[in-house]
K.L.:
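Got a structure for you, questions after.
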Amino acid sequence: MDIALLYPFFRGDSMEKIEKLKKLISESNNIVFFGGAGVSTESGIKDFRSKDGLYNEKYKYPPEKILSHTFFLKNTEEFYKFYKEKMNCVNYNPNITHKVLARLEEQGKLKAVITQNIDGLHQKAGSKNVYELHGSVYRNHCTKCNKFFGPESVFASDGIPKCECGGIIKPDVVLYEEALDQNILVNSINAIANADLLIIAGTSLTVYPASSLIRYFRGKNVVLINKDITPLDNLANLVINDTLGNVFKNI
Ligand SMILES: [Zn+2]
């Protein structure tokens, strides 16, 4: 179904569009927020795929190779060198977007945050119902006995982090070649299918499963917030090309 055909596209300047978003939020009690790397960039965390993000830095191997399942198994030491240097986001703080979303959940308006980020910043801001599609650096498990470890066991370790049982500790972060957690996927689909307002922000929507997930939406309004245009802009009836900070400080 082409949502754009059913709901007239709202045109106006950024401020008018933010006012329109505020109105949509005030009218809804079943909002779902779908966010990508852009949600965390204003907290200082680099966007993997942006022009000067992680993926364009120079390493011995390309980051998408280092962050793969095969590489983790075969070059565990090298994997952890990169992971500890580049993926440690435990010392960052939530920004205005995370905080406003937590407030909307507390008010009973927002039902779920679905995120592609692994930094735990939504929970840090107070959000409870967060579906982390790509996992989290806050959860780690022994590959042998499955014992749980917090982030410090990995980031503060020397070399390859290991369990007392001798097993290697692995972050619960979805690596390339790995499948997404089915429960999280199903919960995300259900949340989107039941929402009446879907806000998609800070994602280019080119990364699986973002583009396919949002097609489960059957509600009234889709709002896209992104600095740049995205391939799915035509699916939304309100597109705001502005920074997330600018938008959410006015919500
Ligand atoms: Zn163990």
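Every number for a ligand or one of its atoms is a count from 1 in the order of the listing.
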K.L.:
Does K170 come within less than 4.0 Å of E178, counting only side-chain N to carboxylate O?
P.N.:
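Here K170 pairs with E178 in a salt bridge, since their nearest N and O are under 4.0 Å apart.
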
K.L.:
Given the rule in the side-chain hydrogen bond (donor to acceptor under 3.5 Å, both in side chains) test, do Q116 and T203 qualify, once you have shown the distances and angles that lead to the verdict?
P.N.:
CA-CA 9 Å; Q116 296 174 301; T203 169; 3.2 Å; yes

K.L.:
Are V186 and Y131 connected into the same hydrophobic cluster when the rule is that any two of I, L, V, M, F, W, Y join if their side-chain heavy atoms are below 4.5 Å apart?
P.N.:
no

K.L.:
One thing to verify: whether K128 and E106 come together as a salt bridge, which I'm taking to mean a side-chain N less than 4.0 angstrom from a carboxylate O.
P.N.:
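Between K128 and E106 there is no salt bridge, as every charged N stays at least 4.0 Å from the carboxylate O atoms.
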
K.L.:
Just the protein N/O/S atoms under 2.8 Å from the Zn ion (ligand 1), please, no waters.
P.N.:
C142 SG, C145 SG, C163 SG, C165 SG

K.L.:
Indicate yes or no: does E132 engage R139 in a salt bridge with an N to O separation below 4.0 Å.
P.N.:
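Result for this pair is yes, salt bridge flagged.
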
K.L.:
Is the shortest distance from a Lys or Arg side-chain nitrogen in K81 or E85 to a carboxylate oxygen in the other one below 4.0 Å?
P.N.:
no

